[in-house]
Every structure is written in C-alpha cells, then in structure tokens.
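Excluded from the calculations below are hydrogen atoms, water molecules and symmetry mates; all remaining heavy atoms, backbone and side chain alike, are included.
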Amino acid sequence: MNHDSRESPISLSDTTTSLTNSTTTPVLSSSMLDVGKWPVFALLPPEELRLIRQACVFGSAANEALYVTVNDEVFALGTNCSGCLGLGDLQSTIEPRRIDVLCGKKIVSLSYGTGPHVVIATADGEVFAWGHNGYSQLGNGTTNHGLTPAQVSTNLLNKRVTEVACGSHHTIALTTDGEVFAWGYNNSGQVGSGSTANQPTPRRVSSCLQNKVVVNIACGQLCSMAVLDNGETYGWGYNCNGQLGLGNNGNQQTPCRIAALQGVNIIQVACGYAHTLALTDEGFIYAWGANSYGQLGTGNKSNQAVPTLINTDKERMVEVAACHTSHTSAAKTQSGQVLMWGQCRGQAVACPHLTHFASTDDVFACFATPAVTWHLLTVDGDDYLTVAQSLKREFDSPDISDLKFLVDGKCIHVHKALLKIRCEHFRVLLNETDEESMEIHQFSYLVYRAFLEYLYTDTINLPPEDAIGLLDLATFYRETRLKRLCQETIKRGISEENAITLLSAAVKYEARDLEEFCFKFCVNHLTAVTQTQAFADMDHELLKTFISKASRYGAFKN
C-alpha cells in the first residue's frame, strides 16, 4: 500500500450560501446516566429499570415521571397534579401505568410547565400536550385541563416540530423550517405576539424573526429565547431581572436581538427560573439575569442585564444546562468534566464548581430544587449486548482476531471478515493476500487505530486536532461517511487560533461542508483570525481566494 501523495488544488468553492451553523444541542452519552438517582423511580424493580430508554422527572416536588421503554411503550407514575400524567384521570399512582396513546410515537423532545403541563414532539414532527390548561398552554383553544395527550393541531398540521420548550404556563415549538410557534400565558409578552393577551392556539412568532432561521429555543418561567442559524440570540417576555440580556429591565412583547452579543456566535441557550446561559461556538459561556443564588457564576450575587462572560478556568465547554423550575446552573467540558453553580441544595454557589459527576443530569438529580430533569434523559440498559456493542467489545482484542496491523511499532488486532464487510479497500486488499500481519507506514498509529475502530463502532474517538489526519485517510480510502464524521469533529474544535489551519485542511481534502463552516467562522472572527501566525503563513493562492470570497460575503463593509 503506497499512500497517494498528490495534493488537491487549492480553491475555495464559490458558493456563498449555506453559511449556517449546523450545530444542535449535544446528546449526552446515555451510558453515563443512572435513572435510579431520582427517588420517584426507587420502587421500580431492577428488571423494569433496565428497560427504560428515555425518562423525564417533573412536578413541584419532583414527584411525577414519564418514561419510555426499549419497546417504545410510554409509562407514567406519581402524584398526577392537573392530570399531568396523561392517564385519563386525576388518580395518583405509585406504580407505573401505561399511556396507550403515546406508545410507538417515538418522542424526540419533551418539556413541562409548573402547572404542570407536558408537551412532546414526536419523530414525525407532531406535537402532543396534556395537563394543566388554565392559561391555554395546551394550545387547544380552551382552558380545560387535558387528562390525556391530545395533538396540537392549529397552524401546526403542515409543520414538522423538532423541539418544544415550556415556561411556567406557556409553550413554544421549533419547526424544521426554523419557525417558532407559541401559545399560552402571555402576561409579560412571553408568546411574542405584540400584546399581553393569552394566546389560546399556536401562533407563529414573527416580528423581527420573520425570514430568519431559528435553530435552538428555551424558556424561563415567563420569558422565551431563540438562537438563529447565524449565532444571533433573541429574547422576549418578562425582563424585570434582566433575563433577556437587553441591558434594561423592561418586558418585551416581541422578540428583541441581544445587541451586546454582536459578533459572538451562540449555538445553545438554556434558561433557569429567571436567568439565562448561552454557549458560544468557541466553547465560552455567557450568563445574564437574576443572580440571588450566584446562578450566573460571576462570583457575586448581583443581577446582570447584559451578557457576562463566565470564567470557568477550564477547557472548552460543550453544553450548558438550566431549568425554568430552579436557580441551578451546570455545564460540561469537552473532556467530560461537569461544573455546577447557583442554588445547590439550598446553598448559594457563586462560582462554577467542579464536580465528580459524569453528566449535567446528575447535577439536577442531586442538587436542584426541585430535583427535576432539565431535559429528556436518554438511558440504555446494560444486561444485553447488541450486535454493535458486541463488535465494539471485540475491537483490538487478540482473542479471536485473525489479522494484526503494525503501526509505529504497535499492534492493532482486527478481524478480516469484518474489514471486508465494512470497507471496499480491505475487501480488495484482503482477497489478494493471506497475510496475518501487515505494516502501515503512511499513517500514524493514532490515526490508523481510530480508522479501524470506526469500522467496528461507526464513531470516531479522536480529539479535533488529530481528526485532520483521519480526514486525510478518509479522503485517501474514499470513505465518505468517515470524512463527514471527521468534519463534524473538527468543527467542534475550531478556534480563532486554528481556524485558518482547519480551513486549509478542508480545502486540501475537498471537504466542502467543513470548508464553508471554517470560512464562516473566519469571517465572523475576522480581526482575531487575521492576527494569528497561521494567517501570516497562509498559502498565497488560498489567501487571495479567501479575501475575494470574504469580500463578496460582506466582511469588509463598514
């Protein structure tokens, strides 16, 4: 095997469209979760706990819960305030009862209010709601409590909803088109309609969100937040604690852009009771709003009406977490460390505190008041290995392997049959040889091991800076999906310092999606990027093309 050393021509693709953040709220590793941390599940037998795939704990005393099993059956248990368990009655139940109408629906998003009311979005983009409805927060045009899940249809029948978020008594929903719909309680303008009249059915939140694409939503008790595909953040509703980040304390009846975040690209927002956290594309956290319990993480208890950068003293952040029922904040770093601050079991923790937890969910299970879940949990059983799990376990295991690769003097044990099934390159190569040992010289051990592991797991396990080497390999072996995964990994590691290096790599390996992402990042952080050594060392032809394209994109306009 000789590594093809030919270089790709350096040319930025001419398209100036699709310059959007494709970032979504990260999914937590389900194997880290232990649903047993929530007392409401304490009476479930172990065999039932092992079947739980998704779960949500809610209610004023964290006394109500819904869960989905591996068979996509949905169960509820708890005190059933306002019929929020969706069981058709008001009876509390200490043992799980099945919600027949939701079985097989494949829930992708779930949120709840303090009534409580519960709203879900399904894989088909449908919305169902039930529970407390005193302010029309179920969106069905009435104020009658809903004892069973009912589809929310007005203005949503031809829409596919991907995410739902609830405030205390209002609801917002995000569609695949990037539109936001809102309904329910509106005393402070939280449904964004321009008035303070309650909204009985879903209504498109337009105003200055018209013709814009929203990618992430969140609700505080009485306010709503939206993040656009270009990183801008908008807020509306109650603002007496500065939770909209607008620099004042006046309520807003229509969405307002947070001007103080000009030039900062937000990818995720999370709302507490009256405070807001935002995560940037570079892994920094901004916070604003109420701070009586230190929930902003600024080291003091002063409210902030404008976004304030939080000093976490840690590496890049990949997730922020908050819940409109509490004053607790949490965040997760790229390496998996979890920080918490704010009201933690009654104590005020004013600076981010490093925990031993494996996920932000654990913070809310153990320290929030009430100890509800901040989003829909995903959990896996551990008593049964799927085909994928079995293959993953056999990677680089010498026991039954029939081939080993020698790379940089180290061995990697694999199985010829699996390599032939998974990779056309190996299908050809291994049909031509009976060797039980092969040496690889053109790729590093780290990169080649990651490639082979990908063939066993469908995932890549490399830090972003090392993923460029794997991108090279994926291009060489014509592994399209691996190339795409590398691009996503590299995106998560982009910074002002390495943006030009990553852009150059994207051009070299003809990774168009990554190229567009890096180009947009460079333009959005143009001043800092142009002061880096990588920019000074940039290939002349690439530099000329970059400046030309950046000019067309409007980067040099005053």
Side-chain angles (χ1 to χ4, degrees), residues 21 23-25 109 111 113 119 162-175 178-186 188-193 204-209 212-262 264-281 285-290 295-296 303-308 310 319-327 329 331 374-375:
N21 284 330
T23 314
T24 56
T25 309
S109 180
S111 192
V119 184
T162 57
E163 190 178 355
V164 289
C166 298
S168 64
H169 299 89
H170 78 288
T171 308
I172 64 176
L174 175 64
T175 72
E179 298 174 337
V180 177
F181 287 79
W183 59 94
Y185 195 35
N186 194 36
S188 306
Q190 57 266 46
V191 302
S193 61
R204 168 96 190 271
V205 181
S206 51
S207 181
C208 56
L209 290 185
K212 292 188 167 66
V213 176
V214 175
V215 294
N216 181 231
I217 54 173
C219 290
Q221 278 275 298
L222 299 167
C223 71
S224 306
M225 303 294 301
V227 179
L228 302 192
D229 60 349
N230 66 2
E232 291 180 353
T233 306
Y234 287 73
W236 60 98
Y238 190 73
N239 193 36
C240 288
N241 299 289
Q243 55 261 62
L244 299 186
L246 303 174
N248 60 50
N249 294 103
N251 294 347
Q252 299 293 331
Q253 295 174 12
T254 56
C256 293
R257 185 171 68 86
I258 301 179
L261 290 174
Q262 176 76 34
V264 177
N265 288 272
I266 301 302
I267 58 172
Q268 186 215 338
V269 68
C271 293
Y273 187 94
H275 76 287
T276 309
L277 305 174
L279 178 68
T280 78
D281 60 351
I285 296 174
Y286 284 84
W288 59 92
Q295 60 263 48
L296 300 186
N303 290 5
Q304 296 289 337
V306 292
T308 303
I310 305 308
E319 180 182 75
V320 288
C323 181
H324 76 267
T325 58
S326 69
H327 311 289
S329 302
W374 74 273
H375 66 167

Practice task
Test Asn186 against Ser193 for side chain to side chain contact (heavy atoms under 4.5 Å, CB included), laying out the working first.
Solution key: CA-CA 9 Å; Asn186 194 36; Ser193 61; 3.4 Å; yes
Problem - Asn248 backbone acceptor or donor facing Asn239 side chain under 3.5 Å - result: yes
Exercise for the section: Output the distance between atom CG (Leu261) and atom OG1 (Thr233), rounded to the nearest 0.5 Å. Expected result: 5.5 Å
Practice task
Ignoring hydrogens and angles, tell me if any N or O in the side chain of Thr276 forms a donor-acceptor pair with the backbone of Gln243 under 3.5 Å.
Solution key: yes
Exercise for the section: Identify the heavy atoms of Pro307 and Ile258 that sit nearest to each other, and give their distance. Expected result: CG-CG2, 3.6 Å
Problem - Thr280 backbone acceptor or donor facing Asn265 side chain under 3.5 Å - result: no
Handout entry: Separation of His275 NE2 from Cys223 SG (nearest 0.5 Å)
Key = 10.5 Å
Exercise for the section: Evaluate the criterion side chain to side chain contact (heavy atoms under 4.5 Å, CB included) for residue pair Leu228 and Leu209; output intermediate values, then yes/no. Expected result: CA-CA 9 Å; Leu228 302 192; Leu209 290 185; 4.0 Å; yes
Problem - Main-chain N/O of Ala182 paired to His170 side chain as donor or acceptor, under 3.5 Å - result: no
Handout entry: Within 6.0 Å of CZ in Phe181, more than 12 heavy atoms from elsewhere
Key = yes
Handout entry: Whether His169 and Tyr185 hold their rings parallel, tilted or perpendicular, with breakpoints at 30° and 60°
Key = perpendicular
Exercise for the section: Of all the heavy-atom pairs spanning Val119 and Cys166, show the shortest one and how long it is. Expected result: CG2-SG, 3.7 Å
Problem - Any donor-acceptor pair under 3.5 Å from Thr254 side chain to Gln252 backbone - result: no
Handout entry: Donor-acceptor pair, side chain of Ser224 and main chain of Gln190, under 3.5 angstrom
Key = yes
Exercise for the section: Please name the pair of heavy atoms, one in Pro255 and one in Gly192, separated by the smallest distance, quoted to 0.1 Å. Expected result: CD-O, 4.2 Å
Problem - Gap between atom CG of Asn230 and atom CD1 of Ile266 - 0.5 Å precision - result: 11.0 Å
Practice task
Would you confirm whether Ser109, through its side chain, and Val164, through its main-chain N or O, come within 3.5 Å as a donor-acceptor pair?
Solution key: yes
Problem - Non-hydrogen atoms of Glu163 and Val215 that approach each other most closely - result: OE1-O, 4.1 Å
Handout entry: For Val205 against Val191, the heavy-atom pair lying closest together
Key = CG2-O, 3.5 Å
Practice task
Walk me through it: do Gln268 and Leu277 pass the test side chain to side chain contact (heavy atoms under 4.5 Å, CB included)?
Solution key: CA-CA 8 Å; Gln268 186 215 338; Leu277 305 174; over 6 Å; no
Handout entry: Gap between atom OG of Ser188 and atom CD of Gln221 - 0.5 Å precision
Key = 11.0 Å
Practice task
Enter the distance from Leu296:CG to Ile285:CD1 here, rounded to the nearest 0.5 Å.
Solution key: 12.0 Å
Practice task
Check for a donor-acceptor pair, side chain of Gln304 on one end and backbone N or O of Ala287 on the other, with a separation under 3.5 Å.
Solution key: no
Exercise for the section: Using the test ring-ring contact (aromatic ring centres under 6.0 Å, His included), find all partners of Tyr234 that sit at least two apart in sequence or belong to another chain. Expected result: none
Problem - Spacing of Trp374 atom CH2 and Glu319 atom CD [to the nearest 0.5 Å] - result: 4.5 Å
Fill in the blank from the handout: What one should report as the nearest heavy-atom pair of Val214 and Asn216 is CG1-O, 3.6 Å
